[in-house]
Amino acid sequence: MKSPQFKDKDTASIDKRKLSRRTALSTSAKVAIGAVVAIGAGVGGYFAGLQAAPKEVVRTVTVPGATVTQPGVTSTVTVERAIERTVTAPEKRPKEVRVAVFSHYEDVPRKVMAPYFEPRFGVPVIFETVVAAESRDKYIAAHRAGTSPYDSLELWATTVQEMAHRGWLVDLTDWVDRMFGKDRGAIAEVWEAATYKGRIYAVPDKIGCPILQWNKELLKEAGLDPERPYEWWRVKNSINEFVEYAKATTYEKGGVQYWGYVDQWGYEVVVQYSIFVQMFGGKLMDTTKNQPWGEPAMNQTPAVEALQWMVDLLHKHKCIDPASLTYNWVFDFLPGYLQGNVAMVITWPFVTHVSENPEQSKIVGKTGFAPNFAKETSASVDGTEFFGVSKFAPNGVEAGLMWLEHVTSFDMQRRQGLHGVWAPIYKSLLTDPEITKTMYEAPVIRTSYEYPHSNFWTPDWERWTDILRKEIHAALRLEKSPQQAMDDAAKRIKEERETYTE
Amino acid sequence: MKSGNRYSDTKLALLLMMPAASLVIGLYFLPTLITFLMSFQKRDIGENLFEVIMNIPNSNLDNYIRSFRDPDWIASFNQTLLLILIVTGLGIIISLGIAILLSQEFKGRGLIRALILIPWAVPPIVNGTTWTLIYHPQVGTLNALLNQIGIIDRYIIWFIDPLLAIFAAGLAITWRFIPFMTLFILAGLQTVQKELYESAMVDGANFFRRFVHITFPAIRPVLLTVIFMQIIWTTKVFDEIWALIKGGAAGTTVMNLWIYRQAFEFLRYGYGSALAYLLALFTSVIVVAYYYLVSKKSER
């Protein structure tokens, strides 16, 4: 039994404790109520904040509008629609955006576009330069390991197909629909390469296609009209006139061999052959069948006729430099053209600037350029470069999309036109007077894209073009007839696919 | 106590070896194992070790069998043999000539011996790119030189014909190998006793007879080594061919290039691995032949 004083002490202590508990309970209740109020206020504030967040007009697109029915006519009206983007709150932004860019010497993304990125998105952009020819190996090795050092990757079209096939690129279809509108014709017709099984996996950032370029002086010296090639692209069968011009400008004078035509028929022969096949109204691969692989179509009449035409140019008319078979890219044959020993070439539009640069060229002020001549129609191939977003983007898909939005924005594309040697993607910019002042070839590029310009991209493009290349060369070396060579190519491609297609 | 020490010594030795051993295992043995396993599997793209092991039940010899029906592989095998013949033949003839010259006493010999090493120091890809410019049909220095000294009146397109192209590529590769071969042969020549030449000269032997009866037998073991090393190196050549021809019109794809294209361009790691092992087998046969010849010689 405890003593009274002890009892008193204990009771006092208990009373004190009881009092504390009450206080504690009361305080807890207050805190709880406060928390509920705070959370409520926070959530409300968040939604209120979202509603109040500033919006930025990213671009205006043309989209299909209402369907209008008039007596006898039903049409869909196209309307202009502003695409808005809510400015992301700082705490929700990725900490950086990592981008792989090709090593073009003008380096527009890094030098021209990057300074506007951070002020716009509040996020720094970090670049890594990748040699274009090595980009595919680099990307594929990283993605195969389930990783990517980059949020956004600059891509060649063939890589888009392969990476999309393997599920390594983010499907951008909905984003593209929102940003560019359903009517994607609002920009140049370069979506074919970015489309895999009907979905879009990359966006174009600069475009270009081979065009006809010629030395007017050599044409004049041969008694030909140097202005005539400007008209060939719209004249059916002007290909015959081209051959006559090439023959007339092939001769030897003062120990110097002059050639009417030079091309890159070495490693890149399939790309150039694609141009002629489409001029003849044919296809190399029927990509409407057996998607995404397509069906070989190079052994059909137009493609065989196109190859026969190439063989004739080399062996019958003898008006193409036979060394063309050993030229693998533009810089292999350029010295002869820039020296003034070659009358005509079909090559990338940037050469129009190189040939007018007195430090590099002896034909300054003597050159002309136009869309390619025509058989059935004019034709070219698409040399567009793209950006895609990696499935393994280290800073998240949103980071990659930020770069895509930036690089395709109208103002950045204007800068591409003003500072780059590859053309901007928007049709209107290709005829913009400010841009055409320096990029004078832009309208020709725009016209060229109105004619067939497919590269017949498939996920196994590297493999089947290797087979085709060998067969084209066999025909060009007269080891096989064009028909036999193309039949063999089609057969080998089918066999290869039966063995290896996943 | 003694055995306990030995045990801890062994443990320490193992511990010290572990970093180097794990590097060798991780960077050499493991990839070799994966590639070996992959060579029996039909996959379009490289797998990690786990996936490759899981796929072992699906292994077969299809890739190896397919290689015998692959016209490009067979063509690349033939091209490689031709390249070996050109590089080894040219290399031996040129290097032997230079080595004999450099074995003579003359002023500035030391400097020339040092200068001759320069091509060996050039990286193969740089060598290939340099020769691309030398062979250029329009602005190449070789055509200009041959034209100016009156050997040709029209520029030659070096890579248009398969045979000419492989010869031109072989010359570019030989140029890089010459210093090594020359130094090896020169070392062999230094071992020949001068008295033998003096006696032969007293007996009236001309240069050719001295070479056949004294020099050649003396340097034969060195030549054998150089030839076999040359064959093995040429089998593995890649950079110059890539820079010069890149599988262009002339169809001069060598084995190593075709393996690279299968594995890294067409992403057929399984088939590429099988071809790599076939190339390794081919090289092994050469090595075995070399050891057989050398051991037979030393038995004698």
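Residue numbering restarts at 1 for every chain, and letters A, B, ... go by the order of the sequence lines.
- Looking at D321(A), the atoms closer than 4.5 Å to chain B (heavy atoms on both sides) all sit in the side chain, from C-beta outward.
- Residues I157(B) and A323(A) come closest through the heavy atom pair CD1-N, 3.4 Å.
- Here the closest heavy-atom approach between residue P335(A) and residue V139(B) is recorded as CB-CG1, 3.9 Å.
- A salt bridge is absent between E495(A) and R69(B): the closest approach of a Lys/Arg side-chain nitrogen to an acidic carboxylate oxygen does not fall below 4.0 angstrom.
- We find that R136(A) and E265(B) are not joined by a salt bridge, their nearest charged nitrogen and carboxylate oxygen being 4.0 Å or further apart.
- In this structure, R492(A) pairs ionically with D72(B), as a charged nitrogen and a carboxylate oxygen lie closer than 4.0 Å.
- D466(A) places a side-chain heavy atom less than 4.5 Å from the side chain of F266(B).
- You'll find the side chain of Q257(A) stays beyond 4.5 Å of the side chain of Q138(B), heavy atoms only.
- Heavy atoms only, all atoms of each residue included: D137(A) and Y260(B) are closest at OD2-OH, 3.0 Å.
- Proximity to chain A (any heavy atom under 4.5 Å) is shown, for Y271(B), by both the backbone and the side chain.
- Between Y327(A) and H136(B), the ring centre distance stays below 6.0 Å.
- W258(B) and K470(A) get closest at one heavy-atom pair: CZ3-NZ, 3.3 Å.
- Heavy atoms closer than 4.5 Å to chain B are found in the side chain of E162(A), but not in its backbone.
- Atom OG1 of residue T132(B) and atom CG of residue N328(A) lie 9.0 Å apart, to the nearest 0.5 angstrom.
- Neither the backbone nor the side chain of Q339(A) comes within contact range of chain B, judged by heavy atoms closer than 4.5 Å.
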Next item on the list: For salt bridge (charged side-chain N to carboxylate O under 4.0 Å, His left out), just list the numbers for E252(A) and R154(B), CA-CA rounded to whole Å, side-chain angles, deciding distance to a tenth of an Å, and then say yes or no.
Entry: CA-CA 11 Å; E252(A) 197 180 326; R154(B) 271 178 169 271; 3.3 Å; yes
